[in-house]
Amino acid sequence: MTTLPRIDAFTAELIEIRHDIHAHPEIGFEELRTAGIVSAYLERLGIAVHAGIGGTGVIGVIEGNHGPGKTVGLRADMDALPMNEETGLPFASTNPGRFHGCGHDGHTTMLLGAARYLAETRDFAGRAILIFQPAEEGLGGARRMIAEGLFDQFPCDEVYALHNAPHLDHGHIRVMSGKAMAGAEFFDIVIHGRGSHGAQPNNARDPIVVATQLSQAMQSIVSRNTDPLDAAVVSITQLHSGSAYNVIPQSATLSGTIRTFDDSVASLIHGRIRELAAGLADAYGVEIDVDIRNIFSVLENHVEQTEALAAAAREIVGETGVGDLGRPVMGSEDFADMLKRVPGSYCWVGHAGDIPVHNPAFVLDDGILPVGASLLARIAERRLNELAGISAAGAISA
């Protein structure tokens, strides 16, 4: 592994920043403190800072020393999860119900490390755009930044991002062209029945009975309606109803997620959920409201940019450290919406630990910080010079 020596020299500073952000986690669109840390750090480096795009988003602009050229964007997410931390770390969350259980504190720190390297060296043509994005965890931070003019105010020719991966070996980087992560919808289904005394079910139209029937019926959508070769998931993750042992409640709510890699498959699933709900509403004499919301687009990496990202990664972790992801994953990522606007690629960086993200005991390995920072810095530097016809050494290529 050959992380950039300049970044290695200030890794202790990156660890300190990451621990501070980790101890003070903020969920989507509430990242005021984190955004303040980011802005202050960039300003100290002499980087032009633009705050407020996407609410708490922060943009940094670094001009290269080799004249005009293309523009490459580097993106990191800043938000934490609405969950409690159970790691026992000395720098554990001090905000109850808030936890960096997905490693976004690490992503933010990695981009700050890349920012320092690029600001101090500026050994590239064109400009690097640093995108510190809020609200990745299902709240639409990327879409809001785009809607508020991210790529209108800061046009990018390419854009790149990464995610930590405790399921991969430390320092191993995995890439994949094409569809790499699923699109996702969230749904809430409210069954409006008629409440009654628990001893008199004949006077009720029991929403819990309907909820259990609908829950079971929805499990057959993928197995009996979608093409077996089209990957899809329908998961009911919440069922809320009732308040007493002897009261049949007035309503029940089912909530969950749909994951697909194709809009037509998603549309089929939406239709079947609504048809099943309508049929059960008629059968049981209740009303059922179905709300399905698209949250994440399918993440599709562009071929040229994925190959460029893999080449940069090989310079950091070596030939044997870079490989193809192998197959898409059902997880979702709102960087997908940036990739729909700008060519680019997203990769995974392995680190020590065997506890998955979104687990209350998840711990990000600090040893991955210089790896991620080096990769982000190198892809920007390398790609901008390639697009300008400048070799890695700074000489004009033949």
Q: Regarding Gln133 and Asp77, do their side chains bring together a donor and an acceptor under 3.5 Å, going by distance alone?
A: no
Q: Is any side-chain heavy atom of Ile17 less than 4.5 Å from a side-chain heavy atom of Ile15?
A: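 Side-chain contact under 4.5 Å: no.
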Q: On the ring face of Tyr41, is Arg116 found with NZ or CZ under 6.0 Å from the centre and within 45° of the axis?
A: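 Ring-cation test returns no.
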Q: Are Asn65 and Thr121 close enough that some pair of their side-chain heavy atoms sits under 4.5 Å apart?
A: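 Side-chain contact under 4.5 Å: no.
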Q: Just to verify, what does Arg98 make a salt bridge (charged side-chain N to carboxylate O under 4.0 Å, His left out) with, not counting sequence neighbours?
A: Glu30
Q: In terms of side-chain heavy atoms, does Ser332 have a donor or acceptor partner in Arg259 at a distance below 3.5 Å?
A: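 Yes.
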Q: Quick one: are Ile189 and Asp289 in side-chain contact, heavy atoms under 4.5 Å?
A: no
Q: Sequence neighbours left out, what passes ring-ring contact (aromatic ring centres under 6.0 Å, His included) with His19? Give chain and number order.
A: Phe91
Q: With clusters built from Ile, Leu, Val, Met, Phe, Trp and Tyr whose side-chain heavy atoms come within less than 4.5 Å, directly or transitively, what are the remaining members of the cluster of Leu139, listed by chain and number?
A: Phe29
Q: Are His170 and Asp365 side-chain neighbours, meaning at least one heavy-atom pair lies under 4.5 Å?
A: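 His170 reaches Asp365 side chain to side chain.
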Q: Who clusters with Val159? Use side-chain heavy atoms, under 4.5 angstrom, across I, L, V, M, F, W and Y, and order the result by chain and number.
A: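 Other cluster members: Ile53, Ile59, Val61, Ile129, Ile131, Met145, Ile146, Leu150, Phe151, Phe154, Leu168, Met176, Met181, Leu299, Leu325, Val329, Phe335, Met338, Leu339, Val342, Tyr346, Trp348.
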Q: If you define the side chain from C-beta out and look only at heavy atoms, does anything of Val175 sit under 4.5 Å from Asn301?
A: no
Q: Under the ring-ring contact (aromatic ring centres under 6.0 Å, His included) test, which residues partner Phe99, sequence neighbours left out?
A: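 ring-ring contact (aromatic ring centres under 6.0 Å, His included) list for Phe99, sorted by chain: His22.
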Q: Under 4.5 Å between any side-chain heavy atoms of Val222 and Val233, yes or no?
A: no
Q: With a 3.5 Å cut-off and no angle check, do the side chains of Asn95 and Arg33 form a donor-acceptor pair?
A: no
Q: Hey, are Asp206 and Arg194 close enough for a salt bridge, meaning a charged N less than 4.0 Å from a carboxylate O?
A: no
Q: Cut-off 3.5 Å, no hydrogens considered: what does the side-chain donor-acceptor table look like for residues 241-251, sequence neighbours left out?
A:
unit_1, atom_1, unit_2, atom_2, d
Ser241, OG, Ser251, O, 2.7
Gln250, OE1, Gly195, N, 2.7

